[in-house]
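Report on the following structure.
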Amino acid sequence: MKDSPQLPLGCETAIVPVMVPLPTPQAYSYAVPEGLEAAPGAIVQVPLGPRQVAGIVWDGETDAVDPKKLRPITHVFDCPPIAADMRRFLDWVAAYTLSPPGLVARMALRAPAAFEPAAPTQGLRLGRARPERMTAARERVIAMAEDGLSWTRTGLARAAGVSVSVVDGLLKQDVFETILIPPQPVVPHPDPDFRLPELSDDQQAAVRRLLGEGGKPPAVSLIDGVTGSGKTEVYFEAVAETIRQGRQVLILLPEIALTSVFLERFERRFGCKPAEWHSELAPRMREKVWRQAATGDVRVVAGARSSLFLPFENLGLVIVDEEHDAAYKQEDRVFYNARDMAVVRAHIGGFPAILASATPSIESRVNADSGKYADIRLPERFGGAALPDLHLIDMRRDPPARGGFLSPKLLEAMKKTVAEGEQALLFLNRRGYAPLTLCRVCGHRFQCPDCSSWLVEHRFRRQLQCHHCGHNEPAPEACPECGTLDHLVACGPGVERIAEEVDSHFPDARTIVLSSDMAGGVRRLRLELEAIAKGEVDIVIGTQLVAKGHNFPMMTLVGIVDSDLGLANGDPRAAERTFQLLSQVTGRAGRSGRKSIGLLQTYQPAHPVIQAIVSGDRDAFYEREIAERENARLPPFGRMAALIVSAADRVAAESYARSLRQAAPGARDISVLGPAEAPMALIRGRYRFRLLVHGTKQSDIQAYVAQMIAAAPGPRGSVRVQIDIDPQSFM
DNA sequence: AGCACGCCGACT
DNA sequence: GTCGGCGTGCTC
């Protein structure tokens with residue numbers, strides 16, 4: 001083994017580097033006891049201070065360590081090794097994000113119970129013997145098992161409609177022989193030829209380009225196509241091709257817990273659902289998927305951003321659906337953008353990456369324009385579906401009734417839609433009843449004690465909630481400041497308040513509010529979405545979660561309650577976001593070929609973003625946004641990093657941010673802005689200041705930031721510094 | 001990231 | 001007199 005010091009044979013043990021889940025800059029060194037095999041990539045258990053942790057045997061030289069500190073590896077797990085390309089990927093992510101490699105490696109070890117093979121389960125098969133005393137329950141069990149197949153104890157009992165003790169009784173009398181059933185695959189293997197799709201000419205051309213027209217497929221492709229143009233069907237053909245080659249596929253989705261529609265589409269094409277990977281997965285399932293990604297038993301995983309760190313044995317394709325989505329950006333511990341890291345993962349593994357979106361990020365659009373990515377466009381909606389007609393409602397000319405938020409024009413359109421038995425969707429990206437509550441007598445505003453944000457009233461739960469830290473308190477009746485009763489007013493609308501207004505206008509309509517805090521969680525949400533698709537609801541009022549990939553065939557009206565909401569701050573990215581979100585939401589309508597309309601309520605109808613959406617002149621919007629980015633040298637024409645300094649004490653945070661700024665080395669191509677109070681100046685009781693590092697496309701921004709951190713005094717007390725390479729916000 | 005060690009306030 | 005707060009430092 002090249003990583004152990006080459007010493008004379010015989011007496012000494014090998015020493016290997018092990019990446020432990022700590023924020024240290026290097027792998028630690030451990031001795032390999034006689035008889036253990038610890039090649040690079042092996043998952044091992046090692047002593048670390050007072051505890052035992054799992055780590056990955058790393059590559060390269062071990063660093064010099066006091067022999068007295070050296071401790072032996074406790075155990076080598078019976079697990080396929082973390083592949084070399086995965087280890088290089090983890091190294092790369094650590095270097096790029098300026099995160100300790102141990103913390104990045106930790107993300108690949110998120111299923112500790114899966115490091116050992118699952119124990120085979122006990123299976124029962126009917127033997128020759130019969131019980132001495134036969135009962136009705138026993139008869140049912142035996143009849144059920146007469147097929148000669150193997151059953152599990154509980155499975156058989158359930159199938160026969162008896163309790164497990166009946167089966168146990170028979171087991172004791174040797175009516176069954178026990179066999180060991182090896183762990184079953186979490187999902188069957190998808191069949192690439194299960195149901196070949198009928199593709200339009202456009203789609204077929206797109207598939208040919210994606211697969212490389214007989215040659216090598218492009219390293220990165222951007223599929224840019226309007227909602228309903230069939231992007232998914234197109235990239236499914238690349239999935240099929242990769243499966244045929246015997247390699248694994250990863251499909252990244254934003255908020256996967258909510259996109260059951262996607263899973264069903266996959267099943268229709270491949271005969272079974274893909275394995276899922278996301279935070280709400282049951283622990284047992286999580287272990288299985290992790291393990292079977294490592295053994296190669298799972299062929300296709302559809303997952304949230306963290307699935308990028310699954311230990312695939314033989315990954316051959318990665319797809320990022322809705323690649324523009326902000327949910328791909330992780331902003332805790334290790335800050336990374338899963339879309340960008342997916343491209344890197346593919347590059348290191350030597351396989352293709354596919355990005356797909358109806359409203360690509362400016363970054364991807366620029367890469368496709370420049371030829372860096374294959375630019376694959378699907379301009380038409382598939383199967384006769386038409387994009388909705390979009391119209392603006394100028395709220396200055398058609399104001400809502402006093403105390404309301406829906407203009408007469410929108411209400412009129414809703415009335416017509418409901419009367420014709422079709423569905424209407426009202427979109428407002430704000431949870432709860434009202435974003436601010438104040439006292440009419442003394443002006444007191446209800447604020448979060450730990451964050452710089454107002455408390456949002458949730459009338460249904462009779463609570464005031466902070467949407468940043470989860471703080472909540474019962475909705476008060478009296479003002480805590482002046483004690484006055486019944487003079488608290490709700491300011492501004494949330495979805496609950498819109499629902500109230502809708503109810504007053506349409507008392508007989510079946511309405512539903514969909515937001516991420518809905519009682520009943522993901523399960524309930526999936527049920528409600530199905531109910532909507534079946535036409536059991538007339539009016540849907542939802543936050544951005546309704547924008548994502550659901551298919552509502554009866555939806556012929558989409559009303560945007562507040563089109564200007566995302567444009568409030570001047571961040572260049574806000575315009576892009578609003579464009580993407582509103583395009584996505586209005587795309588929910590008209591997917592079945594019915595004539596449909598989208599109505600956008602706005603107070604600034606002339607705003608370029610609003611204009612771009614209604615006019616349908618997408619290209620002009622992108623052209624303008626790209627030109628603006630280029631002028632300002634913003635990404636992707638320049639590079640940025642944000643340093644977030646936080647501390648329990650405001651003064652400590654600010655003064656440390658200043659000292660960081662002072663430690664910034666001089667550079668011709670890089671400038672440092674700030675410190676300024678972060679957009680959310682106080683979160684969970686910690687005050688935050690932000691520095692922005694802005695460089696050119698060629699700047700080594702990581703090296704510069706690393707120099708800054710090294711030159712600054714070490715943070716004391718509660719002060720923390722977080723590094724965000726490629727931040728979402730440019731301000 | 002954990003976890004132990006270590007030094008200053010309110011209680012059985 | 002002790003229990004316990006979290007600041008500081010270490011883990012091959």
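Naming: A, B, ... by sequence-line order, numbering from 1 per chain. We use all heavy atoms of the structure for the numbers below, so side chains are in, but hydrogens, waters and symmetry mates are not.
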Check: Across the strands shown, which category fits L22(A) at heavy-atom distances under 4.0 angstrom: base, sugar-phosphate, nothing?
Finding: base
Check: dT11(C) P sits how many Å from R106(A) CZ, rounded?
Finding: 20 Å
Check: Base, sugar-phosphate alone, or nothing: which one does P23(A) contact when heavy atoms must sit under 4.0 Å apart?
Finding: base
Check: Is it the case that more than 12 heavy atoms not belonging to H347(A) sit under 6.0 Å from its NE2 atom?
Finding: no
Notebook entry, point to check: dA1(B) C1' sits how many Å from M19(A) CE, rounded?
Noted result: 15 Å
Check: Whole-Å distance between dC10(C) P and D66(A) CG?
Finding: 14 Å
Next item on the list: Using whole Å, report how far CD of Q45(A) lies from C1' of dC12(C).
Entry: 15 Å
Note to self: Output the rounded distance in Å from CG (D649(A)) to P (dG7(C)).
What the structure shows: 12 Å
Notebook entry, point to check: Out of dC12(C), dC3(B), dA1(B), which nucleotide sits closest to the side chain of L48(A)?
Noted result: dC12(C)
Margin query: What is the distance, to the nearest angstrom, from the CG atom on L109(A) to the P atom on dA1(B)?
Written below: 16 Å
Checklist line | Gap between atoms CZ and P, on R110(A) and dA1(B) respectively (whole Å) | finding: 11 Å
Next item on the list: Starting at atom OH of Y30(A), determine the distance to atom P of dT11(C), rounded to an integer number of angstrom.
Entry: 10 Å
Next item on the list: Would you mind telling me which of dA1(B), dT8(C), dC12(C) lies closest to the side-chain atoms of R716(A)?
Entry: dT8(C)
Note to self: I want to check a possible cation-pi pair here: R345(A) against F89(A), using under 6.0 Å from ring centre and within 45° of the ring axis as the test.
What the structure shows: yes
Check: Atom OG1 of T62(A) and atom CD1 of I15(A): how far apart are they, to the nearest 0.5 Å?
Finding: 5.5 Å
Check: What is the nucleic acid contact for P47(A), judged by heavy atoms within less than 4.0 Å: base, sugar-phosphate only, or nothing?
Finding: sugar-phosphate
Next item on the list: Please state whether the rings of H444(A) and F446(A) are parallel, tilted or perpendicular, taking 30° and 60° as the class boundaries.
Entry: perpendicular
Next item on the list: Answer with base, sugar-phosphate or nothing: what part of the nucleic acid does R51(A) contact at a heavy-atom distance below 4.0 Å?
Entry: base
Item checked: Matching residue for W290(A) among F309(A), F312(A), W277(A), F115(A) - test: ring-ring contact (aromatic ring centres under 6.0 Å, His included) -> F115(A)
